[in-house]
> 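Below: one structure in structure tokens.
Just so it is clear, the structure is predicted and the values come from calculations on it, not from any experiment.
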Amino acid sequence: MLRTHTCGELSADDLNADVALCGWVDTYRDHGGGLFIDLRDRFGLTQVVFGPDTAEGVMQLARKLRAETVVRIEGRVARRPEGNENLKLPTGAIEIRASTMEILNQSLTPPFQLDATEETGDLAGEDLRLKYRYLDLRRPIMQQTMLLRHRMIKLMRDYFDEHDFIDVETPVLGRSTPEGARDYLVPSRVHPGSFYALPQSPQLYKQILMVAGYDRYVQVARCFRDEDLRADRQPEFTQLDVEMSFVTADDVIGMIDGLVAKLAKEILDLDVPLPLPRMTYDEAMERYGHDAPDLRFEMEIVDVTPWAGKTDFRVFQSVATSGGRVRGINAKGASDRYSRKGIDELTEYVIQDFGAKGLAWFKVEASGNLASPIAKNFQAEELAEVASAFAAQPGDLLLLVADSFEVSSRALSGLRVRLGRELELYKPGQMHFSWVVEFPMFAFDEAENSWAAMHHPFTAPRTQDIEQLQTDPGACRAIAYDLVINGSEAGGGTIRIHDQALQQQVFELLGVDEKMAADRFGFLLEALQYGAPPHGGIALGIDRWVMLFSGLENIRDCIAFPKTQRASDLMTAAPGDVDSRQLEELGIKIRR
RNA sequence: GGGGCCGUAGCUCAAUUGGUUAGAGUACCGGACUGUCGAUCCGGUGGUUGCGGGUUCGAGUCCCGUCGGCCUCGCCA
């Protein structure tokens, strides 16, 4: 080793030790006669002093130091003079009196300053940081996040190891499947015109492993989906993939409950009571308008459709009597927080983003009266009735959407999340874990005029719903469960179909005919006939877990080398052109 | 595919209603300084206002297009 210690470990216990440190020059402070540098490595900062005792040659070299120069320093650990300790640094009681110094490597002047932070408002733009990701990753906050990620994955692996899971790797080059997200395709050279697909998840392989008798499988698996990106969505992401044999949904959920509690304790020092709360999908949609509700705060949706149907207010009445819903939320005490202009913004929001036709609102005055431009359309007793439905108190702001169940759900859920944030209805660092269960098996795809699997086509229906597969697919509920953290889907899984006939039946319903099923999933259907055990599992979004556990607001900050919103890597400039010879070998012609 | 925000010095930002020579902090370069820790002080370099076009006597500012980044709806089993 070129060093005896890291830059984070020396303290007053090491006084007078002769040490060698290596690292990057974080900052330098040249006082003429004396010169200080903060030497940085992954482990911390240590102050190095060059003074009157320093040899002239070393002093001259030290004056050349600039940010990010890589040096090796030998010296003696000394206590800092009384009153000059730096309480902000773990190493702040001591400093290194440098005797020799070697410049291991120079650095160009960095294109942005690494000591900038989000807090001081001078942090370089994200595009620049992504282009020079190796510099960005030197910043302490980034290193802390990568370390946290490492610790979380280590805890996950240890946890599943302790519970008899075995880690099995599955292929990245696989077969394109018809359902689900767009695939990333990889052309085959040996089979011109044929393509591999990168896995959207190792779903089929892990089921096959259950058939193979591996009983409990776990993998930290890279997954790929060629869909548009979001703040919490990357085209390439990492799942903690799990599958278990001879289990019920409760067994899988219980296993993950234990993992949640362990990580919350170890990472956040939080005691999470188990079992985690559960609610059904239908309940989540009714009460929160979303299948992954943020339960850090209340603000439940109130349905006043029957009331609306009785009123003479045309907008409400027509929706209520034609199968739609009139629902709303009560933003408690928020009446003063939203001016007419503020409410206009909320209105614009639900119209633009969720296709609502408008937003009705009432401000609850001190007298208890409801003030609103539409108030004149209602009888006094009607207003009193709706106020009571929302348990309205003076100062509250009621926001109502009249629309289909779907639109009102989306709009009110969006409003709820936005208000929760704007009104600070939860504290930074507050965490809420819960399950949403019993998802519908199928969603009707209007565009395709057919049923589509809500989760994936291998999901088992609840036993009591099997008969309805034929009669009323929309009413079938799946043995499915999503883990929700702070309003984010942090994982999802199902009990799988282990019966070939039932699987065949589901494929038929999804419009996957026998020939296509045999072609794409033949191996699975065949495997199910060779003694497949009942099995089920779950996949957790590791990037999102890291994001949520570290309180970060975007997933790119949790990934060492992420892609931009247009799925580019600004550092490597991927995706890029390829040699025409490569294309020829693959039998590919580019159409421009 | 749709909606929105943004792009000015290496970096972070400012620039009145469209008005004269586009500024500040920081970084960088030079100098001073023995206890700093966002060191301080003095001086200096640094600009095709993303790119292309248009309107105008005049465009960083207005319009159109385009490229890039971010947020979002759709999409994401």
> Where each residue is assigned the nucleotide of RNA chain B containing its nearest heavy atom, which of A:A181 and A:A231 is assigned the position nearer the 5′ end?
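In this pair, the answer is A:A231.
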
> Quick one: does A:D228 reach the base of B:G74 with a side-chain donor-acceptor pair under 3.5 Å?
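Checked by distance alone, the answer is yes.
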
> Do the side-chain N or O atoms of A:K131 get closer than 4.0 angstrom to the phosphate oxygens (OP1, OP2) of B:G68?
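Looking at the OP1 and OP2 atoms of B:G68, neither is under 4.0 Å from any side-chain N or O of A:K131.
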
> For nucleotides 42-50 of chain B, read 5' to 3', which letter fits each nucleotide if B means a protein heavy atom sits under 4.0 Å from the base, S means only the sugar-phosphate is that close, and - means neither?
---------

> Under a 3.5 Å cut-off for both contacts, is B:U55 paired Watson-Crick or G-U wobble with anything, and if yes, with which nucleotide?
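Here B:U55 is not engaged in any pair, so there is no nucleotide opposite it.
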
> Is the ring of A:F36 stacked on the base of B:U36, with centres less than 5.5 Å apart and planes under 30° off?
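Check passed, A:F36 stacks on base of B:U36.
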
> Closer to the 5' end of RNA chain B via nearest nucleotide, is it A:V49 or A:Q352?
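The answer here is A:Q352.
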
> Is the closest basic N to carboxylate O distance between A:E85 and A:R79 below 4.0 Å?
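Salt bridge absent between A:E85 and A:R79.
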
> For nucleotides 23-32 of chain B, just jot down a letter per nucleotide in 5' to 3' order: B, S or -, based on protein non-hydrogen atoms under 4.0 Å.
---BSSS---

> Applying the Watson-Crick and G-U wobble criteria at under 3.5 Å, what pairs with B:U17? Answer none if nothing qualifies.
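Pair assignment: B:U17 / none.
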
> Out of B:C70, B:G35, B:G38, which has the shortest distance to the side chain of A:R80?
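The nucleotide sitting nearest to the side chain is B:G35.
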
> Taking only side-chain nitrogens and oxygens of A:R230, does any of them come within less than 4.0 Å of OP1 or OP2 of B:C76?
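For A:R230, the contact criterion (side-chain N or O under 4.0 Å from OP1 or OP2 of B:C76) is not met.
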
> Look at the side chain of A:R410 and decide which nucleotide, out of B:G74, B:C37, B:U36, has an atom nearest to it.
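When the side chain of A:R410 is considered, B:G74 is the closest of B:G74, B:C37, B:U36.
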
> Measuring to OP1 and OP2 of B:C37, would you say a side-chain N or O of A:T27 lies under 4.0 angstrom away?
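False: A:T27 side-chain N/O out of range (4.0 Å or more) of B:C37 OP1/OP2.
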
> Counting the benzene-type ring for Trp, do A:F43 and A:H5 have ring centres under 6.0 Å apart?
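For A:F43 and A:H5, the ring centres are not under 6.0 Å apart.
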
> Is the distance from the ring center of A:F36 to that of A:Y28 below 6.0 Å?
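Ring-ring flag for A:F36/A:Y28: false, centres at least 6.0 Å apart.
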
> If you measure from the ring centre of A:H31 to the centre of the six-membered ring in the base of B:A39, is it under 5.5 Å, with the planes under 30° apart?
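Yes, the aromatic ring of A:H31 stacks with the base.
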
> Side-chain N or O of A:R29 versus OP1/OP2 of B:C33: is the shortest distance under 4.0 Å?
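Checking B:C33 against A:R29, no side-chain N or O comes under 4.0 Å of OP1 or OP2.
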
> Should A:R233 be listed as having a side-chain N or O under 4.0 Å from OP1 or OP2 of B:C71?
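Answer is no, no contact under 4.0 Å.
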
